[in-house]
Number of protein chains: 2
Amino acid sequence: MNTRFAVATHILIILQAQQGVPASSELIASSVNTNPSLIRRLMSQLAKAGLTTSQMGTGGGALLARPGEEITLLDVYQSVDDESSLFGIHADPNPACPIGRHIPPVFKAHMQATERALLAELARTTIASMAAEVAMNENNLRADATETA
Amino acid sequence: MNTRFAVATHILIILQAQQGVPASSELIASSVNTNPSLIRRLMSQLAKAGLTTSQMGTGGGALLARPGEEITLLDVYQSVDDESSLFGIHADPNPACPIGRHIPPVFKAHMQATERALLAELARTTIASMAAEVAMNENNLRADATETA
DNA sequence: TAATATGTATCCATTTCTAATACATATTGC
DNA sequence: GCAATATGTATTAGAAATGGATACATATTA
């Protein structure tokens, strides 16, 4: 599986944490530990989906296009993943086989039902809530470090 | 995405339709439209998971190890897909980044919840019911052909 | 003993994914 | 206006995953 969904989520959590200050692709790439080009390519998809906007020039970078409370994992997933990727299917069973020729439509129908369950679950989590979890983990980490010292 | 899950399902539906008559990897490969080696590789995993058994020698082949009514898509999915494949994640965010270093655990937690929803949906469908759908589609096809003729 | 069929290993071509680089374009600040 | 900064996109190349194909030892049947 590719990591586009995970990296896109990573990007948006950073933007949420930035609280309105633009983040450059270089800054984000440093957090993700990849190169700015990949970030900009993903950002392009997020922008097309209406999740982010960008500002060029000095002090520029990316911003959330709407509040993190109103962006769910479903939005992220659908913006970076082309629809047909979750469950692959063999394209060309033997058309002369009375069983094989019916597998694709039957299998696809069940996979669509499955995918609906998955999308519904994704819609229950927002970028804002994930950013809050990240912040809480960081606070706990710092508190532990202080106690130990 | 790979097609292992789809092909494994295809195999099991054929075995269900065989009603106890062993199916050779060559017969199955002809229906799937691939080579027998791939079928045998998948079958090996299905056998390890306890879904099928095999008989060598003349007239041999694969059989369902238990009734198709007691094999769900969840069983199939888990037997051919290594657990960590559904949602990929970038392995190494910057450990010095107070946000980036918390992304993997937070993301994984949500993906586990999502995957649970998916698995629950898969568990609702059996090989027997899918085989029945395939048979019904085939009957409809033949009925249409007769009417037209 | 010959024929059939599995189970597994190996090799190869294709595709997919990511890294890296380059460059045109837009915006900021002096 | 000009230099610096940053995006948006194209292109190339390398790595990894996937499936196709072949080979062969082993087991079973007749």
Side-chain angles (χ1 to χ4, degrees), chain A residues 1-8 10-11 14-15 18 21-30 32-49 51-63 65 79-82 84-94, chain B residues 1-8 10-11 14-15 18 21-30 32-49 51-63 65 79-82 84-94:
Chain A
M1 187 67 189
N2 66 54
T3 61
R4 280 197 291 267
F5 179 34
V7 173
H10 188 147
I11 292 173
I14 290 183
L15 298 189
Q18 286 282 110
V21 178
S24 72
S25 62
E26 187 152 9
L27 170 71
I28 298 173
S30 139
V32 174
N33 199 15
T34 182
N35 62 85
S37 170
L38 174 64
I39 300 298
R40 291 206 289 268
R41 258 185 296 171
L42 280 173
M43 202 84 78
S44 169
Q45 296 187 263
L46 296 175
K48 269 176 196 153
L51 305 185
T52 63
T53 57
S54 290
Q55 295 176 0
M56 287 183 167
T58 305
L63 295 167
S79 67
V80 298
D81 244 76
D82 35 344
S84 60
S85 64
L86 193 49
F87 293 107
I89 184 165
H90 47 306
D92 53 349
N94 187 344
Chain B
M1 186 70 188
N2 65 56
T3 61
R4 281 196 291 269
F5 179 34
V7 174
H10 188 147
I11 292 173
I14 289 180
L15 297 189
Q18 286 284 110
V21 178
S24 72
S25 61
E26 188 151 9
L27 170 71
I28 298 172
S30 138
V32 174
N33 201 14
T34 181
N35 60 86
S37 171
L38 175 64
I39 299 298
R40 291 205 290 270
R41 259 185 292 173
L42 279 173
M43 203 83 80
S44 169
Q45 296 186 262
L46 295 175
K48 271 178 194 152
L51 304 186
T52 64
T53 57
S54 289
Q55 295 175 0
M56 287 184 168
T58 305
L63 296 167
S79 67
V80 298
D81 243 77
D82 37 344
S84 60
S85 64
L86 192 51
F87 292 107
I89 183 165
H90 48 304
D92 53 350
N94 186 346

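As the structure is a computational prediction, the values presented were derived from the model and not from experiment. Chain letters run A, B, ... following the sequence lines, proteins first and then strands; every chain starts at 1. Quick note: numbers below take in every heavy atom, side chains included, and nothing from hydrogens, waters or symmetry partners.
Taking every side-chain heavy atom of A:Ser37 into account, C:dT21 is the closest of D:dT7, C:dT21, D:dT18. Comparing D:dT18, C:dT18, D:dT26 by their nearest atom to the side chain of B:Met56 picks out D:dT26. Of the listed nucleotides (C:dA19, D:dT7, C:dT4), C:dA19 has the atom at the smallest distance from the side chain of A:Leu38. When each of C:dT6, D:dG8, D:dA21 is scored by its nearest atom to the side-chain atoms of B:Asn35, the top-ranked nucleotide is D:dA21. Listed nucleotides D:dT5, D:dT9, C:dT8 differ in distance to B:Arg40; the shortest reach to its side chain belongs to C:dT8.
Computed from coordinates, the A:Gln45 CD to D:dT7 C1' distance equals 16 Å when rounded to whole Å. Between A:Met43 atom CE and C:dA26 atom P there is a gap of 19 Å when expressed in whole angstrom units. The separation between B:Phe87 atom CZ and C:dC17 atom P is 15 Å, rounded to whole Å. Note: CD1 (A:Ile28) to P (D:dA6) measures 12 Å, nearest angstrom. One interatomic measurement links the two molecules: CZ of B:Arg41 to C1' of C:dT10, which rounds to 10 Å at whole-angstrom precision. One interatomic measurement links the two molecules: CG of A:Leu42 to P of D:dG8, which rounds to 12 Å at whole-angstrom precision. Between A:Leu46 atom CG and D:dT7 atom P the separation is 14 Å, expressed in whole Å. Atom CD in A:Glu26 sits about 14 Å away from atom C1' in C:dT21, given to the nearest Å.
Summarising the geometry of A:Ala29 relative to A:Asn35, their closest heavy-atom pair is CB-C, 3.7 Å, with the distance given to 0.1 Å. Smallest separation of non-hydrogen atoms from B:Ala65 and B:Thr53: CB-CG2, 3.9 Å.
Contact annotation: A:Ser44 side-chain N/O to D:dG8 OP1/OP2 distance is not under 4.0 Å. Here B:Ser25 reaches the OP1 or OP2 of C:dT6: one of its side-chain N or O atoms lies under 4.0 Å away. For A:Ser54, no side-chain nitrogen or oxygen approaches OP1 or OP2 of D:dA6 to under 4.0 Å. Put simply, A:Thr34 has a side-chain N or O that comes within less than 4.0 Å of OP1 or OP2 on C:dA19.
Of the inter-residue distances, the one linking A:Ile28 atom CD1 with A:Leu42 atom CG reads 10.0 Å to the nearest 0.5 angstrom.
Considering only heavy atoms from C-beta on, A:Val7 stays 4.5 Å or farther from A:Val80 through its side chain. By the 4.5 Å heavy-atom criterion applied to side chains, B:His90 and A:Val32 are counted as neighbours.
Residues A:Asn33 and A:Gly59 both approach DNA chain C. Their nearest nucleotides, taken by heavy-atom distance, put A:Asn33 toward the 5′ side. Heavy-atom distances to DNA chain D give each of A:Gln55 and B:Asn2 a nearest nucleotide, and the one nearer the 5′ end belongs to A:Gln55.
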